[in-house]
2 protein chains.
Amino acid sequence: METAPAAHQPHWDAALRAAGRRVTRQRLAVLGVLERTPHLEAEAVLREARHALPDLTLQSVYVILTDLTNSGLLRRIEPPHSPARYETRVGDNHHHAICTSCGRVEDVDCAVGHAPCLTPSWTPGSRPMTIHVAEVLYQGVCSDCLGLAEAAAPELSS
Amino acid sequence: METAPAAHQPHWDAALRAAGRRVTRQRLAVLGVLERTPHLEAEAVLREARHALPDLTLQSVYVILTDLTNSGLLRRIEPPHSPARYETRVGDNHHHAICTSCGRVEDVDCAVGHAPCLTPSWTPGSRPMTIHVAEVLYQGVCSDCLGLAEAAAPELSS
DNA sequence: GGGCTTGTTTTGAATTACTCACAATAAGTG
DNA sequence: CACTTATTGTGAGTAATTCAAAACAAGCCC
C-alpha cells in the first residue's frame with residue numbers, strides 16, 4: 001500500500017512538475033481545495049485544507065498561494081474591502097462579480113469578445129500607457145442577499 | 001480682514017453643505033489637494049495638506065477620506081498591491097490604468113459607450129447577480145517606465 | 001457675537017492581512 | 001539510501017487602516 005494522501009488528481013502533479021515545482025502534499029491540498037471551491041481567501045483555504053493536512057499553517061498557505069500564483073497555477077483576485085481570493089481557472093481572461101453584501105464572488109465571461117476593453121480611450125490630459133491586461137470587476141448584489149434585503153426592508157426593527 | 005484659511009474654492013463649501021457635512025479646514029484642504037493632484041494615497045494627501053495645515057494627522061485624513069467617499073464627494077480606487085487612492089472626479093463611470101512598475105494611475109474614459117460591460121455573460125454554473133457598477137482596471141507600463149526598462153535591459157549592472 | 005449642541009478631529013491603541021528570517025523538514029536525484 | 005536544496009514551519013514584524021474616547025470647533029439660537 002502507498003501513503004495515499006487523500007484523493008489527489010494526478011494532473012496537479014504534472015502541472016507542478018511542468019512549472020518546475022516540487023510536488024508536496026501541502027501544494028496538492030491547496031490546489032485541490034481551490035479546484036473544488038474557487039474564490040476562497042487564505043484563511044478559508046487553510047480551514048479546508050486542514051481536513052486533509054491538520055498541521056498545515058496559515059503562513060505556509062500564504063507562501064504556497066503566492067508561489068503558485070507566480071507560477072501561473074493560480075490566479076489571485078483582490079476585491080475591495082476583502083482579503084485576496086484565489087482560483088485555479090487561469091489562462092482565460094474571465095472576470096468576476098462580487099456581491100457587495102455578502103462578498104460572494106462569481107465568474108463572468110468576457111461580454112464583448114475576448115479582449116473587451118484592451119484599447120482604452122484616454123482621458124484628455126492623461127499620459128497613455130502600454131496596457132497588458134484589463135480586468136473588469138462587477139459589483140452588485142447576489143440573489144440570496146437581494147431576497148434577504150427585500151424581506152428585511154419593510155420593517156427595520158428586526 | 002478675515003481668517004482667510006488659504007485659497008479654498010467656494011464650490012467645495014457648497015458641495016460639503018449639500019452633502020450635509022460641516023465645512024472644516026481639514027476637509028477643504030483634503031479636497032483641494034485631491035482636486036489639484038488626483039490619485040494620491042492617504043500618506044501623500046497628508047503630506048500635501050500639511051503645507052496648509054501643519055497639525056493635520058494621518059488618522060484624520062483617513063477619517064476624512066472615508067467620510068467624503070461615503071458622501072459621494074470622493075471616489076476611492078483600490079489597485080492591487082497599493083494603498084487606496086482617491087480622486088474628486090465622481091459621477092461619471094470612468095476607469096483607471098495603473099502602471100505595474102511605478103504605480104502611477106491615469107484616468108481612462110469608458111471605451112464602449114457609457115456602460116460598457118454592465119450586462120455580463122455569466123459563466124455556466126455561476127449564479128447571476130444584480131449588477132450595479134462595472135469597474136475596469138487596466139494594468140500596463142507607463143511611458144516613463146517603459147523608457148527606463150529599455151535603457152536598463154541591456155546591462156543589468158546599473 | 002457669545003454660548004450651546006453635536007458633528008469633527010485628535011490621540012493612542014488595536015486590528016487585519018500579509019511578509020520575513022531562519023530553523024526544521026522532506027522532494028527528488030544519483 | 002544518502003544528499004542537496006526546495007519547501008514548510010516557527011516566531012516575530014510590518015503596512016494600511018480602524019476604533020474608542022477625549023478635545024475641539026461649526027453652525028445654530030438668541
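First the proteins, then the strands, lettered A, B, ... as listed; each starts at 1. Nothing here was measured: the structure is a model prediction, and the numbers come from that model.
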If you link I, L, V, M, F, W and Y whenever their side-chain heavy atoms are under 4.5 Å apart, who else ends up in the same group as B:V105? B:I98, B:L137
Expressed in angstrom and rounded to an integer, what is the separation of B:D55 atom CG from C:dT8 atom C1'? 15 Å
Double-helix bend of the helix from C:dG1-D:dC30 to C:dG30-D:dC1, axes at both ends from 5 pairs, round to 10°, gives 40°
Going by distance alone, is a donor N or O of one side chain under 3.5 Å from an acceptor N or O of the other, for A:H11 and A:E35? yes
What I want to check is whether the side chains of B:S143 and A:R127 have a donor and an acceptor closer together than 3.5 Å. yes
Identify which one of B:V33, B:L34, B:L28 satisfies the side chain to side chain contact (heavy atoms under 4.5 Å, CB included) criterion when paired with B:V30. B:L34
What are the 5'-most and 3'-most nucleotides of DNA chain D lying under 4.0 Å from any heavy atom of chain A? D:dT5 to D:dA12
Nearest atoms (heavy-atom pairs only) where B:A134 meets B:H95: O-CE1, 3.3 Å
Can you name the residues that form a salt bridge (charged side-chain N to carboxylate O under 4.0 Å, His left out) with B:D92, not counting sequence neighbours? B:R89
Residues pairing under side chain to side chain donor-acceptor pair (under 3.5 Å) where one sits in residues 40-58 of chain A, two or more places apart or in two chains, turn out to be A:E41-A:R85, A:T57-A:S60
Give a yes or no answer on whether the side chain of B:H94 reaches the backbone of B:D109 with a donor-acceptor pair at less than 3.5 Å. no
Go through the side-chain N and O atoms of B:E87 and B:H96 and say whether any donor and acceptor fall under 3.5 Å apart. yes
Produce a footprint string for nucleotides 16-30 of chain C: one letter per nucleotide, 5' end first; B if the base is under 4.0 Å from any protein heavy atom, S if only the sugar-phosphate is, - if neither. -SBBB------BS--
Rounded off to whole Å, could you give me the CG-to-C1' distance for the B:L53 and C:dT8 pair? 13 Å
Verify whether one side chain among B:S71 and B:R21 offers a donor that lies under 3.5 Å from an acceptor in the other. yes
Starting from the 5' end of DNA chain C, give me the residue, B:G20 or B:T57, whose nearest nucleotide shows up first. B:G20
